[in-house]
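We use all heavy atoms of the structure for the numbers below, so side chains are in, but hydrogens, waters and symmetry mates are not. Protein chains get the first letters and strands the later ones, always in sequence-line order, with residue 1 at the start of each.
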Amino acid sequence: MEKSHSKHEWRANTLPAMVMVGPVTLVLLFLVVAPLIFVGIMSLCKTDEYYNVVYDFTLVNYAKLISPDYLKIYLQSLLIAFFTTVICILLGYPFSYIIARTKSKKKTLLYMLVIIPFWTNSLIRIYGWRTFLGSSGWLNSLLMLLHITKEPVDMLYKTGTTILGMVYCLIPFMILPLYTAIEKLDTSLLEASSDLGAKPVKTLFEVIIPLTSSGIFSGSIMVFIPCLGYFFVSNILGGGNTDVIGNLIERQFKSANNWPLGAALSIILILVTLVLVKIYQKLGGDMDSLGV
Amino acid sequence: MKREKKTKRIKAVSVSFCTLIYLFLFLPISVIVVNSFNATKTKPYLSWKGFTFDWYIKLWSNSSLLGAFANTMVIAIVSTILATIIGTLGAIGIYRYKFRGKGIINGLLYIPVVIPEIVIGIALLTIFSKVNIPRGMITLILAHVSFCVPFVVFNVRARLAGYDKSVEEASMDLGANRVTTFFEITLPIMAPGIGGGALLAFTLSIDDVIISYFVNGQTKTYPLRVMESIKSGVAPDVNALSTIILLGTIVLVALTQSDILKKVKS
């Protein structure tokens with residue numbers, strides 16, 4: 001009796017649960033958890049004179065992380081991410097507000113027009129910016145044609161250019177959660193606020209922004225964190241002058257060939273991510289709003 | 001009267017602000033499209049020398065670029081199919097069954113979403129090299145599956161939130177077995193969530209630069225091929241290919257538009 005019941009339980013629950021959840025569990029274990037744990041192990045390893053990884057415990061990689069050169073780049077990287085996030089909010093908020101409040105049928109089209117550019121590979125689009133801003137690019141040709149400048153203006157390889165590229169790549173991740181949050185906003189609250197005598201500015205800061213703050217928070221997480229790692233943007237537009245943490249990691253794996261040091265640098269990025277996500281959750285952020 | 005004037009002014013400011021943002025979003029793409037018709041022959045292929053279709057013709061003999069594009073498509077299609085199957089089964093299984101470790105699986109799903117791509121990239125690179133999987137097509141597909149699966153799970157799960165289990169019970173009461181019920185009842189109801197998840201997985205795979213950059217070995221995808229030549233000046237046949245891809249995507253989306261519009265609205 002007991003046995004047949006457990007057999008039934010096996011067929012009705014355990015077997016189908018294993019068949020369905022098994023594959024995703026395997027993917028998470030072998031392609032997410034194991035690799036990340038292995039990065040942690042590697043960050044504690046030595047290298048021999050040929051830069052082969054030697055599995056021998058050391059903290060030397062972590063000691064290298066606090067060299068002044070690196071500290072300068074962490075700071076630069078955090079500043080680039082900060083300004084990128086602020087610019088994305090300042091441009092993205094009014095923009096999302098306007099399209100989310102559009103009443104006509106055009107609304108869907110306006111939304112799709114935000115997404116369409118992102119069907120072209122991001123690297124190609126950043127290359128498009130390089131073409132546009134380069135010394136013989138469109139912008140310089142236009143400036144010289146209008147006699148605004150005589151010589152081409154050097155616009156590449158500046159921190160501002162890297163921030164421009166970051167804003168460009170990441171602004172949809174700000175616009176989409178903002179759009180969702182603003183669309184849910186109940187208009188009768190705005191009317192109530194103005195009926196009760198609040199000026200538009202007061203309504204904006206005391207009603208609209210607090211009620212849509214969830215969108216600002218999740219957008220900021222989705223912009224700030226990737227910004228620390230987008231090495232190709234600063235490679236192509238910043239040309240080595242505007243490195244982010246991602247450039248440091250990339251170099252250890254692709255040219256300097258010091259994988260344990262690159263692993264230790266990656267651990268910093270993981271820690272920054274965990275801290276920011278914890279803050280996000282403390283502020284009442286929902287993890288599900290982060291999934292695009 | 002004064003109020004009407006004010007509303008009009010606000011509207012004008014709004015429209016011009018949005019237009020500027022759209023210009024910003026489309027600017028680098030228009031540079032690429034225009035330059036794909038540029039007759040210039042000298043590096044860095046920038047100054048306008050008249051209209052030509054030459055780059056489109058040259059593209060057909062550029063086997064390394066076309067090969068890289070074929071790689072991109074194979075990786076995107078295979079990893080989308082795998083991620084969609086694994087993610088859909090997973091989402092339904094996690095939703096329906098009670099088992100130990102469910103909370104852990106739910107938590108782990110967020111890792112690929114929030115951790116910077118470069119960390120995922122180097123993590124996969126180190127483990128692939130540790131267990132001696134030669135880097136190439138296989139590692140690219142495995143990597144793409146790993147970052148696409150969570151997005152499929154989230155999309156399907158959003159659809160499951162309003163799911164009525166009693167239709168499945170009804171199907172089984174009427175004599176259908178578990179497997180038939182899954183294919184005839186559960187899957188069709190889930191279809192929009194699965195479709196949305198698959199589309200997102202495909203887009204993420206095609207757009208990926210960073211993770212592919214670390215796990216590719218000698219296999220080049222289309223963006224990686226472009227990355228190699230950026231310092232020396234990218235030949236305009238790349239622009240021609242990018243233009244064709246953009247047009248292709250727009251057509252594809254226009255054909256399946258009703259689904260997407262529904263997804264956007266929900």
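Proximity to chain B (any heavy atom under 4.5 Å) is shown, for A:L276, by neither the backbone nor the side chain. Of the two parts of A:I236, only the side chain, counted from C-beta on, holds a non-hydrogen atom closer than 4.5 Å to a non-hydrogen atom of chain B. Looking at A:F95, the atoms closer than 4.5 Å to chain B (heavy atoms on both sides) sit in the backbone and in the side chain alike. Using a 4.5 Å cut-off between heavy atoms, B:V149 touches chain A through its side chain atoms alone. Residue B:T139 does not touch chain A at all, counting heavy-atom pairs closer than 4.5 Å. Using a 4.5 Å cut-off between heavy atoms, A:P172 makes no contact with chain B at all. Residue B:S14 touches chain A through both its backbone and its side chain, counting heavy-atom pairs closer than 4.5 Å. Of the two parts of B:I118, only the side chain, counted from C-beta on, holds a non-hydrogen atom closer than 4.5 Å to a non-hydrogen atom of chain A. Of the atoms belonging to A:F224, not a single heavy atom falls under 4.5 Å from chain B. Interface residue B:V114: backbone and side-chain heavy atoms are both found under 4.5 Å from chain A. Interface residue A:Y230: backbone and side-chain heavy atoms are both found under 4.5 Å from chain B. Of the two parts of B:T126, the backbone and the side chain both hold a non-hydrogen atom closer than 4.5 Å to a non-hydrogen atom of chain A. The contact between B:I105 and chain A is made by backbone and side chain atoms together, counting heavy-atom distances below 4.5 Å. Proximity to chain A (any heavy atom under 4.5 Å) is restricted, for B:I32, to the side chain, taken from C-beta onward. Residue A:W259 touches chain B through its side chain alone, counting heavy-atom pairs closer than 4.5 Å. At a 4.5 Å heavy-atom cutoff, the contact between A:L28 and chain B is made by side-chain atoms alone. Heavy-atom distances place both the backbone and the side chain of B:L142 under 4.5 Å from chain A.
The greatest number of non-hydrogen atom pairs below 4.5 Å with chain A, out of B:L224, B:T249, B:T243, B:I122, is found for B:I122. Residue with the most contacts toward chain A among B:V209, B:L246, B:L25: B:L25 (heavy-atom pairs, distance under 4.5 Å). Each of B:F147, B:F24, B:Y222, B:F182 has some count of heavy-atom pairs under 4.5 Å with chain A, and the biggest count is that of B:F24. Ranked by heavy-atom pairs under 4.5 Å with chain B, the first of A:S122, A:G239, A:G92 is A:S122. Ranked by non-hydrogen atom pairs under 4.5 Å with chain B, the options A:M18, A:E250, A:Q252, A:M42 are led by A:E250. By number of non-hydrogen pairs under 4.5 angstrom with chain B, the leading residue of A:P23, A:G40, A:G22 is A:P23. Interface check for chain B: of the options A:L133, A:I98, A:V167, A:I99, the most heavy-atom pairs under 4.5 Å are formed by A:I98. For the set B:S30, B:P116, B:P150, B:G101, the entry with the most heavy-atom pairs within less than 4.5 Å of chain A is B:P116. Contact tally against chain A (heavy-atom pairs below 4.5 Å) for B:I245, B:I92, B:L109, B:V238: the top residue is B:L109. Counting heavy-atom pairs closer than 4.5 Å to chain B, the top-ranked of the candidates A:V27, A:I126, A:I124, A:T120 is A:I124. Put simply, of B:L124, B:T88, B:I21, B:V153, the one with the most heavy-atom pairs under 4.5 Å next to chain A is B:I21. The most heavy-atom pairs under 4.5 Å with chain B, out of A:T273, A:V33, A:L228, come from A:T273.
Side-chain polar atoms of B:Y213 and B:D208 form no donor-acceptor pair below 3.5 angstrom. Judged by distance alone, the side chains of A:D243 and A:S234 never bring a donor and an acceptor atom under 3.5 Å apart. Between the side chains of B:R157 and B:N106, a donor-acceptor pair is found at a separation under 3.5 Å.
Ionic pairing of A:E183 and A:K107 is present here: one or more N-O contacts between side-chain nitrogen and carboxylate oxygen are shorter than 4.0 angstrom. Taking a cutoff of 4.0 Å between a charged side-chain nitrogen and a carboxylate oxygen, B:E228 and B:K220 qualify as a salt bridge.
Stacking of B:K102 on the aromatic ring of B:Y95 is not recorded, the 6.0 Å distance cut-off and the 45° axial limit not both being met. Under the 6.0 Å distance and 45° angle rule, A:K184 does not count as a cation-pi partner of A:Y179.
More than 12 heavy atoms of other residues, nucleotides or ligands sit less than 6.0 Å from atom CG of B:L20. No more than 12 heavy atoms of other residues, nucleotides or ligands shown are found within 6.0 angstrom of NZ on B:K11. Enclosure of atom CZ in A:F30 is not indicated, since only 12 or fewer non-hydrogen atoms of other residues, nucleotides or ligands lie within 6.0 angstrom. Annotation for B:I138: atom CD1 does not count as buried by contact number, only 12 or fewer foreign heavy atoms lying within 6.0 Å.
How far CZ of B:F214 is from CD of B:E117: 10.5 Å, rounded to the nearest 0.5 Å. The OG atom of B:S242 sits 11.0 Å away from atom CG of B:N35, with the distance rounded to the nearest 0.5 Å.
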Checklist entry - side-chain hydrogen bond (donor to acceptor under 3.5 Å, both in side chains) between B:S212 and B:N216: does it pass, once the steps are laid out? => result CA-CA 6 Å; B:S212 305; B:N216 73 321; over 6 Å; no
Item to check | Working for salt bridge (Lys or Arg N to Asp or Glu O under 4.0 Å), residues B:E168 and B:R178 | outcome: CA-CA 9 Å; B:E168 277 177 17; B:R178 196 173 290 280; over 6 Å; no
Item to check | side chain to side chain contact (heavy atoms under 4.5 Å, CB included) between A:M287 and A:V277, intermediate numbers included | outcome: CA-CA 9 Å; A:M287 288 305 286; A:V277 168; 3.9 Å; yes
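Across all non-hydrogen atoms, the minimal contact from A:V53 to A:C45 is CG1-CB, 3.9 Å.
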